Amino acid sequence: MKKGLRNVAIGFSLSIICLSFGLVYWQVVRSTDLMENPANRRLILLEQRVVRGGIFDRNGEVLAQTDLNDEKKTRVYPKGEAIEPLMGYATLLHGSSGLEAYLGDWLLGIKDATATQALEQAFQLPRRGNDVVLTLDYRLQKVAYEGLKGKIGSAVALDPRSGEVLALASQPSFEGNGLDENWDKISQKPGSPFLNHAFALYTPGSTLKIMTSGALLRAGLNTGDLYNCTGTAVINGQVIREQNDKAHGWVNFNLALAESCNTYFATYGVKAGDKQFLQTAKAFGFGEEIPFELPVKLSTLTNEAAVPHRLDENLLAASAFGQGEVLVSPFHMALITAGVANQGVIMQPYIVEQVRDENQNVLYQKNPEPWLTALSADQAARIKSAMVTAVNDGTASPGGIAAFQVAAKTGSAEPGGDVPTHAWYIAFAPADNPQIAVAVLVENGGTGGGASAPIARAIIESALSQKVGDNT
């Protein structure tokens, strides 16, 4: 009897010890991780005693701030719909999303807290969080937003030299001010206003020929060889068609990319082989988590695997011109474009430039870093040359700008079903010294040259006319 009681007592004591260690682990060792998790609603509840810091663009424009009126805190977004859904929201009723969620630890002064902030937090004293300065240029953001108005889609602009995000617009958008009162109304609007379409996955269509070009060059195929496009081609029993069954006639690599010849890229993609195509896809970041402050869905080549071990000939042929099962986000397409612009090197994308405390001391400063080397400088130069031809003599001409040489590629992607194609346009400029790379997608917009090129052109014109990255 005594032995049984002793065993029960020992078991009970061990349980208490384990529970105590568990509490210490989660409340002390892992407390910072839990508080920094954007899904943790305690971040929102903290705002009852913490004034959330402001969010600013690179030129000091206020994008989000907390107004205090008779001790009542109101989170306001002076730029309205133009900055949503990138900015997101932070409310007690609906939690948080977007940058408001993923920068919540900085904005509330939790991440890498100063000694004063740590003391205030420990004693639950009223305090102010940190301010965040973005790489975003609101002038470009507004141009992108206005261009997409009335459409469903997104526009992303990057500095290919550094990876800085200069604009990231998504439509349809929503008004962040007074969100709780209008939540049901916004939720019922068509086009998913709360979804950031820049991070959603789409069939890329002919814009993927940029990546396929890399596979052809890496395989050592002769891009000077002539190919006779008759409007269709049969590969392993599968009929590959040109848009509107147009016959391009005799083309080499440059002309095939400029005229967006599907049969050329399907034929030469198969010649390069699935091994080279898959290796090139990985080099461009397919199946890789993109290192960014916000989550971006993985780009994938097949439904079963992001980057499979092999592709059968039919799926390889379709994938080579951006159809098949390929899915990619506009954000990732902007990175792919930036990689070609930056001599084959894709820089890590980032949108947070600085974090400052309430006294404007810099707590964090981002330094540019390379992410992937997708191409050699020579391979990137050859693809750039073909993209220049696409603007000067091909399908990408609607995005041309008289004052600057643009390099670009169009895409009209078939999403499946009896609906218009998704309209893509990717570009960078100036071609000889790229300072901005852009990807624009308009859902069911038809042709890239018709629906998306004017938006990309407006963003590039605005950026280069005011000098990209100019903070003055």
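On a predicted model such as this, the values are computed, not experimentally measured, just so you know. As a basis for the values below, the full set of heavy atoms in this structure was taken, side chains included, without hydrogen atoms, waters or symmetry mates.
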Student: Ignoring hydrogens and angles, tell me if any N or O in the side chain of Trp424 forms a donor-acceptor pair with the backbone of Thr203 under 3.5 Å.
Tutor: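 Checking the backbone N and O of Thr203 against the side chain of Trp424, a donor-acceptor pair under 3.5 Å is found.
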Student: Taking atom CD as the centre, does Glu181 end up with more than 12 heavy-atom neighbours from other residues, nucleotides or ligands that are less than 6.0 angstrom away?
Tutor: yes
Student: Can you classify the ring geometry of Tyr364 versus Trp106 as parallel (below 30°), tilted (30 to 60°) or perpendicular (above 60°)?
Tutor: tilted
Student: Give a yes or no answer on whether the side chain of Asp159 reaches the backbone of Ile436 with a donor-acceptor pair at less than 3.5 Å.
Tutor: no
Student: Of all the heavy-atom pairs spanning Ala281 and Leu301, show the shortest one and how long it is.
Tutor: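 Scanning both residues, the minimum pair turns out to be CB-CD1, 3.7 Å.
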Student: Ser170: what forms a side-chain hydrogen bond (donor to acceptor under 3.5 Å, both in side chains) with it, not counting sequence neighbours?
Tutor: His197
Student: Do any N or O atoms from the side chain of Ser462 and from the backbone of Ala458 form a donor-acceptor pair under 3.5 angstrom?
Tutor: no
Student: Over all heavy atoms of both residues, which pair between Ala456 and Tyr425 is shortest? Give the atoms and the distance, please.
Tutor: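 Shortest heavy-atom contact: CB-CD2, 3.5 Å.
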Student: Are any of the side-chain nitrogens in Lys366 or Glu164 under 4.0 Å away from the carboxylate oxygens of its partner?
Tutor: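 Glu164 and Lys366: not salt-bridged.
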Student: To the nearest 0.5 angstrom, please state how far the CD atom of Glu325 sits from the OG1 atom of Thr300.
Tutor: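 It is 8.5 Å, given to the nearest 0.5 Å.
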Student: Report the distance from atom CG of Leu107 to atom CD1 of Ile55, rounding to the nearest 0.5 Å.
Tutor: 5.0 Å
Student: Ring centres under 6.0 Å, that's the criterion: do Phe292 and Trp371 meet it?
Tutor: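 No.
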Student: Considering only heavy atoms from C-beta outward, does the side chain of Gln348 approach that of Pro370 to under 4.5 Å?
Tutor: no
Student: Atom CG in Asn361, atom CZ in Arg356: separation rounded to 0.5 Å?
Tutor: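 Reported to 0.5 Å precision, the distance equals 10.5 Å.
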Student: Is the count of non-hydrogen atoms from other residues, nucleotides or ligands lying under 6.0 Å from Gln343 atom CD greater than 12?
Tutor: no
Student: Please check if the side chain of Gln323 supplies one atom and the backbone of Glu414 the other of a donor-acceptor pair under 3.5 Å.
Tutor: yes
Student: To the nearest 0.5 Å, what is the distance between CD1 (Ile383) and CD1 (Ile210)?
Tutor: 6.5 Å
Student: Report yes or no: does Thr421 contribute a side-chain atom to a donor-acceptor pair with the main-chain N or O of Gly446 at less than 3.5 Å?
Tutor: yes
Student: Taking the six-membered ring where the residue is Trp, are the ring centres of Phe284 and His332 under 6.0 Å apart?
Tutor: no
Student: With distance as the sole test, does Ser452 use its side chain to make a donor-acceptor pair with the main-chain N or O of Ala423 at under 3.5 Å?
Tutor: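 Here the side-chain-to-backbone pair exists.
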Student: Is there a donor-acceptor contact under 3.5 Å from the side chain of Gln354 to the main chain of Leu134?
Tutor: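 Here the side-chain-to-backbone pair does not exist.
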Student: To check you understand the geometry: which heavy-atom pair defines the closest contact between Ala341 and Phe428, and what is its length?
Tutor: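 The pair with the smallest heavy-atom distance is CB-CG, 3.5 Å.
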Student: Is a donor on one side and an acceptor on the other found under 3.5 Å between the side chain of Tyr145 and the backbone of Ile83?
Tutor: no
Student: Provide the closest heavy-atom pair for Val440 versus Ala155 in the form atom of the first, atom of the second, distance.
Tutor: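 Here Val440 and Ala155 meet closest at CG2-CB, 4.0 Å.
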Student: Looking only at non-hydrogen atoms, find the nearest pair between Thr135 and Leu166 and report the distance.
Tutor: O-CD2, 4.0 Å
Student: Test your reading of the model: is there a side-chain donor-acceptor pair from Asp131 to the backbone of Gly53, 3.5 Å cut-off?
Tutor: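 No; zero donor-acceptor contacts below 3.5 Å.
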Student: Between CG of Leu99 and CG of Leu168, what distance do you get to the nearest 0.5 Å?
Tutor: 8.5 Å
Student: Do NZ/NE/NH1/NH2 and the carboxylate oxygens of Glu61 and Lys79 come within less than 4.0 Å?
Tutor: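 So Glu61 pairs with Lys79 through a salt bridge.
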Student: Could you report the tightest heavy-atom contact between Gly269 and Leu316, atom names first, then the distance?
Tutor: O-CD2, 3.7 Å
Student: Which value, rounded to the nearest 0.5 Å, describes the distance between Ser173 atom OG and Leu86 atom CG?
Tutor: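 The CG atom of Leu86 is 9.5 Å from OG of Ser173, to the nearest 0.5 Å.
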Student: Could you check whether Arg75 pairs with Glu100 (Lys NZ or Arg NE/NH1/NH2 to Asp/Glu carboxylate O, under 4.0 Å)?
Tutor: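 Salt bridge present between Arg75 and Glu100.
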